[in-house]
2 protein chains.
Amino acid sequence: MNAVTISDVAARAGVSQATVSRVMSSSRRVGREVEARVRRAADELGYSGNGIARALRTRRTDTVGMVVPSILNPFFTTLVDSMENALHAEGKQLFLCDSRQDPAVEAEQLRSLIERHVDGIVVSPVHDTESAAAVARSARAVPLVQLDRRVDVPGTDWIGLDDAEAMKLVMEHLKEAGARSVAFVTSELTNSSTALRLEGFRRWAADLGLRIVDDGVVLGDFSVDSGDEAARRLLASPDRPDAIVCADDLIAIGVLRAARETGVAVPSALQVTGVDDIVFSSYVTPALTTLAQPTDRMAAEALRLLSLRGGADEGGAGARVSFAPTLVRRQSTR
Amino acid sequence: MNAVTISDVAARAGVSQATVSRVMSSSRRVGREVEARVRRAADELGYSGNGIARALRTRRTDTVGMVVPSILNPFFTTLVDSMENALHAEGKQLFLCDSRQDPAVEAEQLRSLIERHVDGIVVSPVHDTESAAAVARSARAVPLVQLDRRVDVPGTDWIGLDDAEAMKLVMEHLKEAGARSVAFVTSELTNSSTALRLEGFRRWAADLGLRIVDDGVVLGDFSVDSGDEAARRLLASPDRPDAIVCADDLIAIGVLRAARETGVAVPSALQVTGVDDIVFSSYVTPALTTLAQPTDRMAAEALRLLSLRGGADEGGAGARVSFAPTLVRRQSTR
DNA sequence: ATGAAAGCGCTAACAT
DNA sequence: ATGTTAGCGCTTTCAT
């Protein structure tokens, strides 16, 4: 084990601990000759420092905690990747927590992150209401931003997609492509993304004169199987839509599968769109038309907001930073 | 900020810090009445403990670092998920590091994890040789196991797939399904998985009398595009194989795409297999026959090996625990 | 059963 | 430019 401490190095170099500390953190000028001696001593002993002791003293851990509903959802994987990249660039590290779509687990993860004294928390809350208390409590203890999904906690920053604009892009595209009647498949209304996207769908359907078919809004969850099931129902209906708008790509991929297996041609007889532009959307057949989110920029913004709030401040305005997606046209629409 | 310390609680409860500590960690019996008083004081103050201070004192952080070549590769995503699950069950947390396929980044991540005094490290080394030094150095400082990929570092434990058995399963399946000539698409030979799978492919091709076509081993990387490209070459050759064995599912999905786009029917004219059973393998058309890895069991085993080696021990035997995959038959083979 | 006190390894005043 | 010293908040002997 690495039991080499700063005082071992100090002794070997014949200087004080403080001098070694200064050399290692290049915080203050140190004599050239002394610095060389210290560095050599550190090398010879294989000194690597103790981040725990430093953290206790400086009250900074250079770590950020991230809590997502499911890391297996490719969109969150991308978000995690973007965060890890952004943090790495700043010499920080990421505690990754998967809340398994469970508010209780989520609350526990948040508590644990705070006990570990992370410098900040990025969370995508599982549930509209059930996540609120834990998020609020956490935000009082440590800088916290919400990413993608959000709960209503005054004074908390949020970064995510401009859901209204997202639906506008999709609906306009479908209108241009000749769609007349539409349906919407999404998850249960227990998270913020769903609610806003559905609202946008309704609004733009009305504005653009796209008719929503009977029972044209289907709620399930963000999964391929859920999309598959919803599509079978919609396609079997007498009032079959000629476009199905999906709240995310997983659902859309399920819809595509159902269409294929029930012999409905895409995009000629049915157009399909998703949201997120997960990697596999370009690999399915037909390739999926979807909306790409700028996850790298979102992660950078999340970090920026995290460091702005230097500590226990509250009553901050509660910034809401939304990014417009970009339409990625592929073969599932005309 | 949460500035409530153990001595605040002690003062409020009218006891010593030691007693509060005992109550919080339920380490020793404490009088019933005193315990109640302490708990109440802690609640009232919103005391949550300081994991950093505790870690400094106990020399345990209850954290594990994990370094993977790319978290965007769905197989590693699954592995990370399995590890996160296993750790969560033990009240530990995961530092996630993505080495971006770069040995230099990997070395830096490892160094950083050690400085943060993680209790253990799980690493899937990027490169056969270039990762070796950093892995060896790290293993000297902290309990370390290799997962999936490995470098040759004596005395280091490894958990992964039984690659020979894997290839055996695939090849026997193809033989039964009537394949005669085969090709193998994999990544460059700079990681352990590739080398072993190729070796297994060659051996079982010979044993089962499956002919390897001319230029029948194609090296690229673990990606859809790489598989696509390799397949176009193989399918254009005069000596076209009637089965393409792929070293992972991403490659196989690329092969399927190339086959579709060049009008080669799968599985009737060409059979295709992958390895890993990533989620999307069941969603492509035709669904991919592949090998499933027991990632949950692997993660559990990794943790077990981590805690066995209680500290600075070395000269351990260097356990190699390999798990047999299971064949998942789908539509890309007959 | 409880308290007093030492100290984990480091950094940051404050001296010199 | 460098050294001395006092903690950061906690756990853990060692007393009582």
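Every chain is numbered from 1, with letters handed out A, B, ... down the list of sequences. Keep in mind the model is a prediction, meaning the values are calculated, not measured.
Not a single ring-ring contact (aromatic ring centres under 6.0 Å, His included) links A:Phe75 to another residue, sequence neighbours left out. Remark: A:Arg100 pairs with B:Glu84 by the salt bridge (charged side-chain N to carboxylate O under 4.0 Å, His left out) rule, at least two apart or across chains. Considering only residues two or more places apart in sequence or on other chains, A:Ala42 meets the side chain to side chain contact (heavy atoms under 4.5 Å, CB included) condition with A:Val9, A:Met24, A:Tyr47. Every residue two or more places apart in sequence or in another chain was checked for a salt bridge (charged side-chain N to carboxylate O under 4.0 Å, His left out) with A:Arg149, and none qualifies. Shown here are the side chain to side chain contact (heavy atoms under 4.5 Å, CB included) partners of B:Asp152, two or more places apart in sequence or in another chain: B:Arg320. Taking B:Arg57 as the reference, nothing meets the side chain to side chain contact (heavy atoms under 4.5 Å, CB included) condition, with sequence neighbours excluded. When the side-chain hydrogen bond (donor to acceptor under 3.5 Å, both in side chains) test is applied to B:Gln93, the partners found at least two apart in sequence or on another chain are A:Ser112, A:Arg116.
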Contact letters for nucleotides 6-16 of chain D, in which S counts primed atoms plus P, OP1 and OP2 and B counts the base, heavy atoms under 4.0 Å: BBBBBBBB---

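Between the CZ atom of B:Arg116 and the P atom of C:dC10 there is a distance of 15 Å, given to the nearest Å.
Note on residues 80-111 of chain A: pairs passing ring-ring contact (aromatic ring centres under 6.0 Å, His included), not counting sequence neighbours, are A:Phe95-B:Phe95.
For the atom pair CD of B:Gln109 and CD1 of B:Ile114, the computed distance is 12.0 Å after rounding to the nearest 0.5 Å.
Direction of the helix axis in the helix from C:dA1-D:dT16 to C:dT16-D:dA1 shifts by 40° between the two five-pair termini, rounded to 10°.
A heavy-atom distance below 4.0 Å to DNA chain D is reached by these residues of residues 31-39 of chain A, ordered by number: A:Gly31, A:Val34.
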Please tabulate, for side-chain N and O atoms in residues 293-302 of chain B, each donor-acceptor pair with protein atoms closer than 3.5 Å (sequence neighbours left out).
unit_1	atom_1	unit_2	atom_2	d
B:Gln293	NE2	B:Asp276	OD1	2.8
B:Thr295	OG1	B:Ser82	OG	3.0
B:Asp296	OD1	B:Ser82	OG	2.8
B:Glu301	OE1	B:Arg304	NE	3.2
B:Glu301	OE2	B:Arg304	NH2	2.8

